[in-house]
Amino acid sequence: MWDYETDGELLWPKKQRYPTEAQTRASLDHNPERAAVRGLWTDVEFLENVSALNARARHTQFADYHGHGWNFMAVFKRDRKGNLLDADGNTVDFDDPLKFSKAVHLRDIHLEKGMHCVDCHFSQDEHGDGQLYGEYGNTIEIECQDCHGTIDRYATLRTSGPAAPEEGTDLRMGTTPSGRRRFAWVADRLVQRSMLDPALQWEVVQVKDTITPGSAHYNERSRYAKTIQRDGITWGAADPNRIAHSDSKMTCYACHTSWMTSCSGCHLPQEQNVKSEMHHYEGIETRNYASYNPQVIRTDAFMIGVNGKTKGHRIAPVRSSSAVVLSSTNALRDRIYIQEPPISAPGYSSQAFNPHVPHTVRSRETQGCGSCHLTAENDNNAWLAQLLLHGTNFVNFVGRYAYVAEGEGGLEAIAVTEWEEPQAVIGSTLHKLVYPDFYAAHQRRGNELKTSHHHHGNARSVQLRGEYLFTANGEEGFEVYDVANIDNKDYSERITSAPVSPFGQRTFVRTRFAAALALPTNMPMAPLRQTQLDPENEEQPIHPLYRYAYIADREEGLILVDVTTLTDGNPLNNFLSRALTFNPDGALRGANAITVAGRWLYIGCDRGLTIIDIDQPLAPNIIASIPGLQKVRGLAVQFRYAFVADGRGLDVVDVTDPRRAHVVAGVAIADARNVFVARTYAYIAAGPQGIVIVDVERPEKPKIDQTYDANGNLRDTNDVKIASTNASTFAYVADGKYGFKVLQVLSPEWTPAYAGFSPRPAPRLIAWKLTHGSALAISKGLDRDRAVDESGNQVSVFNRIGARPMTLPEMQRLYLHNGMPYTVNERRMSPAVDQR
């Protein structure tokens, strides 16, 4: 699907459109995207011929329109930095006029052979059996091995999927419309004939032949991957009882998927009292209308999890599938809530995931060993964090408002996007494409943002979660503000501590000096919902650590506050109180920085870095302390490493086993005030230097990539947070007494590698606003790619019965042997050992 930015100059009009209500309704009747109303593709004739733009496209190639009115674009082979690659893995220059013919177009191998849906999916798959199923996958009877066989046998040509009859359907009996057998063995080759083209046929390569030396299809990499045994060393023998990647535990496409689409966010703005027809089969009208607006479409991430019950709980690719935020506008044009992430029925975050068949199978461009295991170069820490669904802070969502802590100046919500779709970040390249009039006005203002809402206080640390803003307010303690009406014109006080009456709720806890706070997730959850315990749902219980907010207090140490009352649906019990104060023998005195990563709580205090086990939240236990780290001011955790901003600069701590945490590397950076890690880059807020960007692709060999001060405009930088909107990436910066700044870090306009997993940042200052006080901290954007924490506790809902993320022991089998890390090296495979 198109991301609204790539080659956008071809799809947006040169002059800004101001559609009428009638034009809007006419467009939405054939395309649910609100953005299309402003785009050229609202014209059906233009849409039908969008592929004619390909000769002028610089970054992609468009496909002919099919379905809904959406545009689709080609996906090409890239390295993780975003460079285009040819079939041999060589870089293709972005300026090469023949780049699209040289770079590998990652079409599914079946499509490349000329196959259509009906060549893989037969009668049952296409038409069902007359029964209604809760999951579409339950109606599928074909499996990969039915046609391709396995490592120890050729294809039986009998279906074996969830909907197959007991003995399977005999595919040898099928015929094409031209009267020929669909499958036929010709000598030792299995041939399949096209259902649409009588002259077309192809060989169905057998897995067994790819691992058999001497076969025409023999491939040593295939043999290695398919026969490597559980010891991680022995390979060569086709023994299904010993191999690591057995068909009973893994789907074929877990390795053979070349890429997959992840929808890291959709906005559904609902309009109340708008009469509209239901466009399904209901035959009714409704008074609520909602358009569909994708926000971040990515093809650079690969994730895995455990499939559902009917698929045998096997390892399969997982995608973000319904990361929805909701808004509602009433008949008076009051925005009664905006961009609220809902909570799923069992209490998990509704930033949903599901096991997925991407239909992007390749024979050569498959996932390699380093896609799921530690590499010998140790250069895939961020990739594995993504793979295991820990999240990478790259596709986080900062919506219409960014929230800023301003010390004694209080706190502020600053509008950073337009309200209309697409919700372009003000001053960005997408803003210039879609809203040229608004962009020009922004330029005339000197790039100053104009809309904000302020609240008094002494905010040191802020975190938005759903309709609430959690704050650490120094001597005022911990407080939670209601911000549901932040964009509602009928409210004079958009940020409030008591929406009805101070006697009706008390959402604060007084402490001596609340310096920082951490939430175990910034996605709304309801841990006390009982539906997660219904056996037929096969849900895992939500860990109790998700009940609490965690406050680092300079004098009192660690304070826990139970905040589940805010999501229990009962407005009468919103009275917060301490659940725990923890500071044994003053061990946490001077607590100044805090973060949660699964059952592990990291606190920066006078003694250095302290790690606390909160598996039993009300009985915490200090399990490690690293005293050499002084003046810790910022913390971030990504998979096996913690990144610490302290008096020395950036320190990297190996936390593979937090009980044995130890410093493994460091980079000297003067006045390092905070750190934020997004995929393979650490962004250090470095005071008068601005932002120091450190390449941490190899965490134990960090190196400064660049220092950016926006030509002297970043002069007092305290904090930076990264987030994505559409195809671009942004940095939101707290620049001390110089206020709030927005940087565009990546853009299709000037970073052609933008579509890679982690392209090199190229920041530009695009917007700013002076704040009421010194800008100290920014609220982190909503996690969009996090389904499980570092301890294996599920946080996001899975959309298949019995499907889930991997547990911690399952994850550890990918990178630990006997408690120690092990690595893979595809370039230097040991000789095959034919053990039986």
Distance alone, cut at 3.5 Å: any donor-acceptor contact between the side chains of [X] and [Y]?
X      : Y      : value
Asn718 : Arg673 : yes
Asp789 : Tyr546 : yes
His543 : Asp615 : yes
Glu412 : Ser452 : yes

Query raised in the report: Out of Arg589, Arg578, Arg510, which residue meets the salt bridge (Lys or Arg N to Asp or Glu O under 4.0 Å) rule with Glu556?
Result: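 Only one of Arg589, Arg578, Arg510 forms a salt bridge (Lys or Arg N to Asp or Glu O under 4.0 Å) with Glu556, namely Arg578.
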
**Report entry** Partner of Ser758 under side-chain hydrogen bond (donor to acceptor under 3.5 Å, both in side chains), chosen from Asp695, Thr392, Thr680
**Finding:**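 Between Ser758 and the candidates, side-chain hydrogen bond (donor to acceptor under 3.5 Å, both in side chains) is satisfied uniquely by Thr680.
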
Are [X] and [Y] side-chain neighbours, meaning at least one heavy-atom pair lies under 4.5 Å?
X      : Y      : value
Val694 : Val692 : yes
Ile594 : Leu558 : yes
Leu430 : Ser728 : no
Asn393 : Phe676 : yes
Phe302 : Leu387 : yes
Thr507 : Leu566 : yes
Ile614 : Val596 : yes
Asn381 : Leu384 : no

Report task. For Asn583 and Leu588, indicate whether the former's side chain and the latter's backbone hold a donor-acceptor pair under 3.5 Å. Result ->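 Yes: the side chain of Asn583 pairs with the backbone of Leu588.
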
Atom of [X], atom of [Y] and distance for their closest heavy-atom approach:
X      : Y      : value
Val742 : Leu765 : O-CD1, 3.5 Å
Leu714 : Tyr708 : CD1-O, 3.7 Å
Ala591 : Ala515 : O-CB, 3.6 Å
Gly634 : Asn674 : CA-OD1, 3.3 Å
Val462 : Ala459 : CG1-CB, 4.3 Å
Ser461 : Ala777 : CA-CB, 4.3 Å

Distance from [X] atom [atom1] to [Y] atom [atom2], nearest 0.5 Å?
X      : Y      : atom1 : atom2 : value
Ile603 : Ile612 : CD1   : CD1   : 4.0 Å
Arg698 : Asp379 : CZ    : CG    : 5.5 Å
Arg460 : Leu517 : CZ    : CG    : 13.5 Å
Leu469 : Ser779 : CG    : OG    : 6.5 Å
Ile693 : Ile704 : CD1   : CD1   : 11.0 Å
Ile486 : Gln339 : CD1   : CD    : 11.5 Å

Requested in this report: Give the C-alpha distance, both sets of side-chain angles, the deciding distance and a yes or no for side chain to side chain donor-acceptor pair (under 3.5 Å) between Thr511 and Asp553.
Outcome: CA-CA 7 Å; Thr511 75; Asp553 188 282; 2.8 Å; yes

Note: [X]-[Y] ion pair, threshold 4.0 Å (strictly below):
X      : Y      : value
Arg679 : Asp300 : yes
Lys780 : Asp783 : yes
Lys721 : Asp719 : yes
Arg599 : Asp613 : yes
Arg400 : Asp487 : yes
Asp735 : Lys741 : yes
Lys631 : Asp646 : no

Count the heavy atoms belonging to other residues, nucleotides or ligands that lie under 6.0 Å from [atom1] of [X], then report whether that count exceeds 12.
X      : atom1 : answer
Gln616 : CD    : no
His662 : NE2   : yes
Lys701 : NZ    : no
Arg648 : CZ    : yes
Glu475 : CD    : no
Glu408 : CD    : no

Query raised in the report: So, Trp768 versus Phe740, ring centres under 6.0 angstrom or not?
Result: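 So the answer is no for these two rings.
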
Query - Test of ring centre spacing under 6.0 Å for Phe394 and Tyr681 - result: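 For Phe394 and Tyr681, the ring centres are not under 6.0 Å apart.
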
Query raised in the report: When His453 is tested against each of Tyr401, Tyr403, Tyr481 for ring pair (Phe, Tyr, Trp, His ring centres under 6.0 Å), which residue passes?
Result: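 The ring pair (Phe, Tyr, Trp, His ring centres under 6.0 Å) with His453 is passed solely by Tyr401 among Tyr401, Tyr403, Tyr481.
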
Query raised in the report: Going through the distances and angles, do Gln744 and Thr429 end up as a side chain to side chain donor-acceptor pair (under 3.5 Å)?
Result: CA-CA 9 Å; Gln744 185 160 0; Thr429 51; 3.1 Å; yes

Report task. Please lay out, stage by stage, how Leu449 and Val416 fare under the test side-chain contact (heavy atoms from CB on, under 4.5 Å). Result -> CA-CA 7 Å; Leu449 298 168; Val416 294; 4.1 Å; yes

Query raised in the report: Do Asp654 and Thr656 pass the side chain to side chain donor-acceptor pair (under 3.5 Å) test, and can you show the C-alpha distance, the side-chain angles, and the key distance before you say yes or no?
Result: CA-CA 6 Å; Asp654 185 329; Thr656 306; 2.7 Å; yes

**Report entry** Option passing side-chain contact (heavy atoms from CB on, under 4.5 Å) with Val509 (candidates Leu576, Ile551, Val480)
**Finding:**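 With Val509 as partner, Leu576, Ile551, Val480 yield a single side-chain contact (heavy atoms from CB on, under 4.5 Å), made by Leu576.
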
Query raised in the report: Taking the inter-plane angle between the rings of Tyr641 and Phe643 on a 0 to 90° scale, is it parallel (under 30°), tilted (30 to 60°) or perpendicular (over 60°)?
Result: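 Aromatic pair Tyr641/Phe643 classed tilted.
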
Report task. Apply the test side-chain contact (heavy atoms from CB on, under 4.5 Å) to residues Glu697 and Lys81: give CA-CA distance (whole Å), side-chain angles for both, the deciding distance (0.1 Å), then the verdict. Result -> CA-CA 10 Å; Glu697 182 178 34; Lys81 293 294 185 183; 4.0 Å; yes

Report task. Go through Phe353 and Leu389 one step at a time and tell me if the side-chain contact (heavy atoms from CB on, under 4.5 Å) criterion holds. Result -> CA-CA 10 Å; Phe353 294 78; Leu389 299 165; 3.9 Å; yes

Requested in this report: Take Thr729 and Ser724, measure what side-chain contact (heavy atoms from CB on, under 4.5 Å) needs, and give me the verdict at the end.
Outcome: CA-CA 4 Å; Thr729 303; Ser724 294; 3.6 Å; yes

Query raised in the report: So Tyr815 and Phe639, ring pair (Phe, Tyr, Trp, His ring centres under 6.0 Å) or not? Walk me through it.
Result: CA-CA 11 Å; Tyr815 61 93; Phe639 189 37; 5.0 Å; yes

